[in-house]
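Working notes, structure below.
Both backbone and side-chain heavy atoms feed into the values below; hydrogens, waters and symmetry mates do not.
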Amino acid sequence: MTQQSTIVIAGHAAGFGDALQERFEIGGYNVVSVSRHGDKRWATDLRDPLAVARLFDKLDHEAPPVAGVVHNAMQFHRQPFMQTSAQTLQEVWQSMVMTAFNVSQQAVTRLQRQGGGSLLFSGASGSLRAGPQFSAFSSAKFALRGLCQALVREHSHEGIHVAHVIVDGLIRSERTTQRFSQADVAHMIEPSDLAEQYWQLFHQPHSVWTHELDVRPMAADA
């Protein structure tokens, strides 16, 4: 691939988002990183379907064809169930599920037109199991995983590789070390190492597609 292809990072954040952008740019792609408060040229509220439609229309006119999307939008939330409001639940779901739905609908149309591409989604340990105080977060991550499975079964035959990545661990960043001050930095996931896994997924041959990948640091509990 060359600069004639675009990768969209939907939900760019410092740390892993930067590592993803660097890895795909080194690989020759034009990378468009999208968030609400990032690059003003591409700033978009991914929860809004009309705003996402405008984003992809702008990409059609101002960027090389989209070869794929990495969906990394997330809203971490931990709170006892009885203290979690309906509004909070909706906000968490909007952040992780609606953003994925909106981006996927726009991306699939483009990928169908050009005969294929990749959609990669970032999950978490909460995609598989829900602990106390994670009713909002895990229910949204469960739903994201279900959306990915539906996309696999509906669009794989069109050459669209859909993969869900269970990131079971803390990704090292300045924000992570501040939020989880008791965590051992030495046992966090290195952003560049994780970005390499996404790169490899993106370029898998059609005969050996991985649709779900579970990654965790060596020292993490199984």
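For the side-chain hydrogen bond (donor to acceptor under 3.5 Å, both in side chains) test, residues two or more places apart in sequence or in another chain that qualify with Arg41 are Glu62. Checked against side-chain hydrogen bond (donor to acceptor under 3.5 Å, both in side chains), Gln204 has the following partners two or more places apart in sequence or in another chain: Thr210. Under the rule for a side-chain hydrogen bond (donor to acceptor under 3.5 Å, both in side chains), Gln94 has no partner lying at least two apart in sequence or in another chain. For Thr44, there are no side-chain hydrogen bond (donor to acceptor under 3.5 Å, both in side chains) partners two or more places apart in sequence or in a different chain. Scored by the salt bridge (Lys or Arg N to Asp or Glu O under 4.0 Å) test, Asp48 finds no partners at all (sequence neighbours excluded).
Under the 4.5 Å side-chain heavy-atom criterion for ILVMFWY residues, a single connected hydrophobic cluster contains both Phe121 and Ile160. Under a hydrophobic-cluster definition in which Ile, Leu, Val, Met, Phe, Trp and Tyr are linked whenever side-chain heavy atoms come within less than 4.5 Å, directly or via other members, Leu120 and Val162 are assigned to different clusters. When the side chains of ILVMFWY residues are joined at heavy-atom separations under 4.5 Å, either directly or via intervening members, Val103 and Leu59 end up in a single hydrophobic cluster. With hydrophobic clusters built from ILVMFWY side chains whose heavy atoms lie under 4.5 angstrom apart, Phe24 does not share a cluster with Leu111. A continuous path of Ile, Leu, Val, Met, Phe, Trp and Tyr side chains, each step under 4.5 Å between heavy atoms, connects Leu213 with Leu20, placing both in one hydrophobic cluster.
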Checking side-chain contact (heavy atoms from CB on, under 4.5 Å) for the pair Leu119/Val108: CA distance, chi angles, key distance, verdict?
CA-CA 9 Å; Leu119 300 175; Val108 165; 3.9 Å; yes
CA sep, side-chain torsions, deciding dist, call: Asn102, Leu46, side-chain contact (heavy atoms from CB on, under 4.5 Å)
CA-CA 7 Å; Asn102 292 337; Leu46 298 173; 6.0 Å; no
Show your working on side-chain contact (heavy atoms from CB on, under 4.5 Å) between Leu89 and Ser139 and close with a plain yes or no.
CA-CA 9 Å; Leu89 180 72; Ser139 63; 3.8 Å; yes
Please walk me through it: do Lys141 and Leu144 pass side-chain contact (heavy atoms from CB on, under 4.5 Å)?
CA-CA 5 Å; Lys141 282 297 189 185; Leu144 177 63; 4.2 Å; yes
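Taking CG of Leu151 as the start and OG of Ser104 as the end, the distance is 5.0 Å to the nearest 0.5 Å. Thr6 contributes atom OG1, which lies 4.0 Å from atom CG of Asn30 (distance to the nearest 0.5 angstrom). Atom CG of residue Asp18 and atom OG of residue Ser33 lie 7.5 Å apart, to the nearest 0.5 angstrom. With values rounded to the nearest 0.5 angstrom, Ser127 atom OG is found 7.0 Å from Phe137 atom CZ. Atom CD1 in Ile166 sits 9.0 Å away from atom OG in Ser125 (nearest 0.5 Å). Atom-to-atom distance recorded for Ile7:CD1 and Glu25:CD is 11.0 Å, nearest 0.5 angstrom.
No hydrogens or angles considered: a donor-acceptor pair under 3.5 Å links the side chains of Arg110 and Gln106. Neither side chain, Gln79 nor Gln133, offers a donor N or O lying under 3.5 Å from an acceptor on the other.
Aromatic rings from Tyr198 and Phe16 are positioned such that their centres are separated by under 6.0 Å.
Between Val97 and Ala140, the shortest heavy-atom contact is CG2-O, 3.4 Å.
Here the side chains of Asp57 and Arg54 are not in contact, with every heavy-atom distance at 4.5 Å or above. In this structure, Leu194 and Pro191 have side chains that are not in contact, with every pair of non-hydrogen atoms separated by 4.5 Å or more. Residues Val32 and Ile9 have side chains not in contact (no heavy-atom distance under 4.5 Å, counting atoms from C-beta outward). No side-chain heavy atom of Val31 sits under 4.5 Å from any side-chain heavy atom of Glu22.
Other residues sharing a hydrophobic cluster with Leu50 under the 4.5 Å side-chain heavy-atom criterion for ILVMFWY residues do not exist; the residue is a singleton. The other residues sharing a hydrophobic cluster with Phe81 are Met82, where clustering joins ILVMFWY side chains under 4.5 Å apart.
Among residues at least two apart or in separate chains, ring-ring contact (aromatic ring centres under 6.0 Å, His included) pairs with a member in residues 140-161 are His161-Trp209, His161-His211. Here ring-ring contact (aromatic ring centres under 6.0 Å, His included) pairs that include residues 83-106, with residues two or more places apart or in two chains, number zero. For residues 39-68, there are no ring-ring contact (aromatic ring centres under 6.0 Å, His included) pairs, not counting sequence neighbours. Residue pairs meeting the salt bridge (Lys or Arg N to Asp or Glu O under 4.0 Å) criterion with at least one partner in residues 193-204, sequence neighbours excluded, are Arg23-Glu196.
Under the 4.0 Å criterion applied to side-chain N and carboxylate O atoms, Asp168 and Arg129 are assigned as salt-bridge partners. Using a 4.0 Å cut-off between a side-chain N of Lys or Arg and a carboxylate O of Asp or Glu, Arg216 and Asp214 qualify as a salt bridge.
Relative ring orientation between Tyr29 and His203 is described as tilted, the plane-to-plane angle lying within the 30° to 60° band.
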Please tabulate, for the side chains in residues 69-76, all donor-acceptor contacts under 3.5 angstrom to protein atoms that are two or more places apart in sequence or on a different chain.
{"from": "His71", "atom 1": "NE2", "to": "Thr99", "atom 2": "OG1", "distance (Å)": "2.8"}
{"from": "His71", "atom 1": "NE2", "to": "Ala100", "atom 2": "N", "distance (Å)": "3.3"}
{"from": "Asn72", "atom 1": "OD1", "to": "Ser122", "atom 2": "OG", "distance (Å)": "2.8"}

